[in-house]
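Okay, structure first, notes after.
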Amino acid sequence: MTGWNRTRNGALVALFAAVMVMGTSCTTIGRLTPPRPAPTGTVLRAFVFPVAGTATFGDTFGAPRSGGRSHEGQDLAAAKHTPVVAAADGTVTSLTWSATGLSGNALTITDAAGWQYVYIHLDNDAPGTDDGSNVYERAFADGIARGQKVKAGEVVGWVGDSGNAETTVPHLHFELHQPGGLAVNSYGSLLAARKFQRTEAERVGDSPFGGVDAVSRAGDGSVRVAGWAIDAHVNDAVKVSVYVGGNPVATSSAAGSRPDLAGPYPGRGVLHGYSMTGIAATAGTRVCVVAHSVGGGGSARLGCTTAP
Ligand SMILES: [Zn+2]
């Protein structure tokens, strides 16, 4: 590009030829190479690497994309359904469940300092297929919803090819936004990122516990689901969601009176019951109840059964 570079490159070629003739080590040439940016780039933020598994990527931030856009993230190529984990402790501040559009299934985690970690193209296919069936639980881990607190290394979803990634290899499109929203190049931070996935024991330790006492068919044809849930750490009411066929269809707060829990769980209070009515579920469909961790770190599947 510049005259300086041309001169240096020209000189380098000439030197290289001379060195080859002399049979000298190539390390000499390395020191004469024109200065370039450090390959590690700039570390902007220390966080957990968002893919919990083998992922390959180069620096494509700012590369041209369709419609005159420029690439605002990094594409981390990984096998379909590789877990993606929370890059930091934070809250799920947006979540899109849609296989169409540019992004497809996507979520954003915002940490306490306001940095945002954006996950795009989460899985929308049944195992071993590219069927686009887009069942929620294939894209997002149990309990992951807008407003959910998460802890660094917690599985929040899975790599896929939803959105405009359908015609490419499965990958996580990952974006880093600084407080205020500006997307910044995460390449250096990703190279330096710690690889960490919370263990199953840690997840269970942070997960609510409880049960599903009844899944019954009401007179109007809808299904009623009832049970109880207690958070691992606090006595606050636990949010519970009913999944039908792998998709969340109803959410409630488990805050109903359950005096029978006072004996087995002393000191935890009695306001832990839930009862959700009016749920549409055809007979034989899988019905599950998920309890959302109050403080993050993991959520629990309280039970699954088939609709009567
Ligand atoms: Zn991308």
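We count ligands from 1, going down the list as the structure has it; atoms in each ligand are counted the same way.
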Under 2.8 Å: N/O/S of His71 next to the Zn ion (ligand 1): yes
side-chain hydrogen bond (donor to acceptor under 3.5 Å, both in side chains) partner of Lys80, chosen from Asp125, Thr129, Asn124: Asp125
Under 3.5 Å, side-chain donor or acceptor atoms of residues 245-252 against the rest of the protein: list the pairs with distances, not counting sequence neighbours.
residue: Asn247; atom: OD1; partner: Tyr136; partner atom: N; Å: 2.7
residue: Thr251; atom: OG1; partner: Ser241; partner atom: OG; Å: 2.9

Single hit among Asp111, Thr93, Thr108 for side-chain hydrogen bond (donor to acceptor under 3.5 Å, both in side chains) with Tyr117: Asp111
Shortest-distance N/O/S atom, Asp75 versus the Zn ion (ligand 1): OD1
His121 N/O/S atom closer than 2.8 Å to the Zn ion (ligand 1): no
Atom name, His173 (N, O or S, nearest to the Zn ion (ligand 1)): ND1
Parallel, tilted or perpendicular: ring planes of His171 versus His121, cut at 30 and 60 degrees: perpendicular
